[in-house]
Amino acid sequence: MTTQPDEGAGIDPDLLAYLEADDDPLALTDVTDTDPDLAEALAHVVSSSLLQGPLAEAIVDDPEESVDPLDAAATQVVARARMDQIYRSIIARAPEHRVQPSLERVEAVLEWMGHPERTYRSVHIAGTNGKTSTARIVDSLAREGGLRLGRFTSPHLVSPTERICLDGDPVSPEQFCAAWDDVAPFIELVDRKNAEEGRPRLSFFECFTVMAYQAFADAPVDLAVVEVGMGGRWDATNVITPAVAVITPIGYDHERWLGTTLEDIAREKAGIIPEGGVVICGRQAPQALAIIEEEARAKRATLRVLGRDFDVCALEKAVGGSLVSIRTPAARYDDVYVPLLGAHQADNAACALAAYEVVCGGSALAGDLVERGLMGATSPGRAEVVRSSPTIIVDAAHNPAGAEALRLTLNESFTLSHIVGVFAAMADKNIEAVLGEMEPVLDAVVVTSMDSERAADLDEVVRIAEEVFGSDRVSSADTLEEAIDEAVSQAESTPDPTASSGIVCFGSVHFAGDVLALLGKIPGSERTMP
C-alpha cells in the first residue's frame, strides 16, 4: 500500500518560508523588482534543492564546514542580480567608437590603482578575424605549461562574464562584482575630473578593460592573453607592454572608424606592436603586410610572418578538426590534432604556438605539452556543430572575411549536399558582401532579426538578401525560433532521398550567442542583457 505524504511533511519549517510568496526572509524584492526573471530563478533553485537534496558541492567531510544549499543558491541569485545591475550601468556608457580616440582615460585609472596591468606578462592580439580563437589556443597552451592564466576577449556570446576568464573559465558573478567594486571608485574619480574639463567619461569597453586587468592582478595570474576590442592603436587594451604581439589576418570591418582601405585598417591594427618587441603575424594581403613591416621597422620590433618565418606544413581532415604539422622558428611539431574546423584554425594554431614559444623564451616546447595544449583548445560559436539530424552549425561570421572562412570550412570539413542558412546582422556590417560570400554554398536563406538596438532592419536585410540570392531562395521570420523551424522544414524537404541536409546560423557574435542559448548548448544560457 502506498501512502502520499502530507503537504510540507518532512520539510524543515525554516525552509517553508522560501516557498511563501508573501513572506520573503531573504529580502530579495529589491533586486527581483528590477529583473522579473529573478523570482522565477529563485523558485527554480529552491525547488531543485527540495527535490534533489543537498547540492553536491555543499556536501563536505566536516559537518561544521557544510553549506546550506538554499543559502548558497540564494547567494548566487543575489550575486547574479547585482552583476546584471552593474552590467546595465556599464553598457549604458558610450560605446568605444563614440569617445575621443585616446588612451588617457584608461591610463589615468590604472595609474591611480598602482598599475595592476604591470604585475604579469601579457600576449596582445589584434586583427580582423581569428583573434578569439587564437587567444583561446594560447590560453590552452599556457595552462598546459603550468601558468596561471587570464584571458580577456570580446564580445561575449551569452554572458558578460565570458569576457574575463581565469584558468580557462569565465569569472563567477561574485568575481565580476568584486572586480567592479575594486575599480569603480577610480573610474568615478577619473570620470568626475574629465567632466570638469569637458572631456568624455570612460566608455563601456574601457571599463571592462580596467576590470579585466584588475581581476588578473587580484587572481594573480602569470600571463594574460588580451584581445583587442577594435583597431589597436587607440584601443583601450593598448596600455600594456606585451611579451609578444599577434596580428591575425586583416580584412574589411569597422571601416567607419578604422578607414576604408586595407592600408588604413592595417595601420590601426599594427599600433599594438611593442617597441623593441616581437610580433607574430598571420597571413596578410600584400598591402596590409607592407604596413605591418613598416611599423615593425619603426619600432625596431622582430617580425615573424606565417608562410615565411613559420608555417603550417601539413593539414589533414580529422573527425571534429584537423591533424596538422607546424614549423615554428624553434621547432617542428608533427601530426598534432587541433579540434577546430577549417584551415584557418590551423593558421590560428600556428600563430598561437609561435607566440607561446616567445613567452617561453624562444625555445622549443615539449611535444606532449603542444599535443595537450592544442587538443584542449575550444572556440565556441566558430563552425560549432550544435545539433544533428539535421546538422545545425553556428558561426559568428559577421564580416566578408569571416564569411569566406565559413564557406571554405563548409566545403572542406562537411559533406552536406543541401544547406539552408539562418542569418541576422548588425546594421553597420557589410551585409551584401557577407551574404555574397555564403551564396554559393547555400540553397536558401531564412532572414531574421535580433533583440538589439544595433540590429539591421529586417525588411532591409530581406531586400539585400533577395538581390544576392533571388527572391525564390529567401524567406523571413520575425523570431529566431520561427527562423530555425523554417530552416529545418526547408532542409528536410529536399526531394533527393540521398541528400545530407544542414543548417548554418551566421551573421554576428550576438546572433551566434542567441542560437546557442536557444538550443541549450551553454548551461545556464539565458542572455544577461540584450
Side-chain angles (χ1 to χ4, degrees), residues 34 79 82-122 124 126 150 152-156 160-161 163-164 171 173-221 224 226-242 245 254 256-258 267-269 271-275 453-454 528-529:
T34 64
R82 183 158 186 265
M83 184 189 76
D84 285 351
Q85 292 173 333
I86 291 171
Y87 181 65
R88 288 188 182 94
S89 71
I90 297 174
I91 208 71
R93 291 170 173 264
E96 190 78 350
H97 57 270
R98 289 187 185 171
V99 296
Q100 298 167 6
S102 170
L103 301 177
E104 293 179 0
R105 293 175 293 276
V106 171
E107 288 174 335
V109 173
L110 294 174
E111 183 175 2
W112 278 103
M113 295 180 63
H115 289 290
E117 80 285 2
R118 296 179 184 175
T119 62
Y120 42 81
R121 293 184 297 164
S122 58
H124 203 188
F152 181 53
T153 56
S154 61
H156 58 270
T161 58
R163 295 175 180 244
I164 305 172
V171 293
E174 292 87 349
Q175 290 171 316
F176 185 94
C177 294
W180 173 252
D181 289 340
D182 285 342
V183 305
F186 302 99
I187 290 176
E188 181 180 356
L189 180 66
V190 173
D191 281 347
R192 185 165 58 247
K193 186 174 184 296
N194 284 344
E196 292 170 355
E197 299 174 359
R199 295 187 295 179
R201 64 177 183 165
L202 272 75
S203 71
F204 80 87
F205 187 74
E206 289 171 330
C207 289
F208 270 114
T209 300
V210 173
M211 287 173 63
Y213 288 166
Q214 171 57 29
F216 297 157
D218 188 59
V221 303
V226 178
E227 176 188 337
V228 165
M230 182 176 68
R233 187 177 306 277
W234 301 113
D235 187 77
T237 62
N238 199 27
V239 294
I240 54 177
T241 302
H254 301 298
R256 188 183 305 175
W257 302 286
L258 302 182
R267 192 166 284 108
E268 293 302 314
K269 308 284 187 182
I272 71 163
I273 296 176
E275 188 75 33
E453 293 181 356
R454 292 178 52 212
T528 299
M529 286 291 294

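Atom set for the values below is all heavy atoms of this structure, side chains included, hydrogens, waters and symmetry mates excluded. The model shown is predicted, which means the values in this text are computed figures rather than measured ones.
- Taking the side chain as every heavy atom from C-beta outward, F216 and E117 never approach each other to under 4.5 Å.
- Listed here is the closest heavy atom pair of A79 and C177: O-SG, 3.8 Å.
- Nearest approach of I164 to A215, heavy atoms of both residues: CG2-CB, 4.1 Å.
- Using a 4.5 Å cut-off on side-chain heavy atoms (C-beta onward), Y213 and T119 make no contact.
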Notebook entry, point to check: Can I187 and W180 be said to form a side chain to side chain contact (heavy atoms under 4.5 Å, CB included), step by step?
Noted result: CA-CA 10 Å; I187 290 176; W180 173 252; 3.8 Å; yes

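- R201 places no side-chain N or O within donor-acceptor distance of the main-chain N or O of A195, the cut-off being under 3.5 Å.
- Taken from CD in E227 to CZ in R163, the straight-line distance is 9.5 Å, to the nearest 0.5 Å.
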Check: Please walk me through it: do F208 and H156 pass ring-ring contact (aromatic ring centres under 6.0 Å, His included)?
Finding: CA-CA 12 Å; F208 270 114; H156 58 270; 7.5 Å; no

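- Although no hydrogens or angles enter the test, the distance criterion places no donor-acceptor pair under 3.5 Å between the side chain of D182 and the main chain of Q214.
- Checked for salt-bridge contact, R199 and E104 meet the test: a charged N lies under 4.0 Å from a carboxylate O.
- A 4.5 Å side-chain heavy-atom check between E206 and V109 finds every atom pair outside the cut-off.
- In this structure, F186 and L110 have side chains that are not in contact, with every pair of non-hydrogen atoms separated by 4.5 Å or more.
- Counting heavy atoms of neighbouring residues, nucleotides and ligands inside a 6.0 Å radius, atom CD of E453 does not exceed 12 of them.
- Taking the side chain as every heavy atom from C-beta outward, V171 and M211 never approach each other to under 4.5 Å.
- Contact record, A212 with F152: CB-CD1, 3.6 Å, taken as the closest heavy-atom pair.
- Listed here is the closest heavy atom pair of W234 and P101: CG-CB, 3.9 Å.
- Between N238 and L103, the shortest heavy-atom contact is O-CD1, 3.3 Å.
- The closest side-chain heavy-atom distance from N194 to P200 is not below 4.5 Å.
- Across G231 and L258, no two heavy atoms sit closer than the pair CA-CD2, 3.7 Å.
- The main-chain N or O of L202 is found under 3.5 Å from a side-chain atom of R93 such that the two form a donor-acceptor pair.
- D191 contributes atom CG, which lies 6.5 Å from atom SG of C207 (distance to the nearest 0.5 angstrom).
- Remark: M83 CE to R88 CZ distance equals 10.0 Å, nearest 0.5 Å.
- With rounding to the nearest 0.5 angstrom, the CZ atom of R233 is 8.5 Å from the CD1 atom of I273.
- A heavy-atom distance below 4.5 Å is found between the side chains of F204 and P95.
- A donor-acceptor distance shorter than 3.5 angstrom exists from the side chain of D235 to the backbone of G229, with no hydrogens or angles considered.
- To the nearest 0.5 Å, the span separating OG1 on T241 from CD1 on I272 amounts to 12.0 Å.
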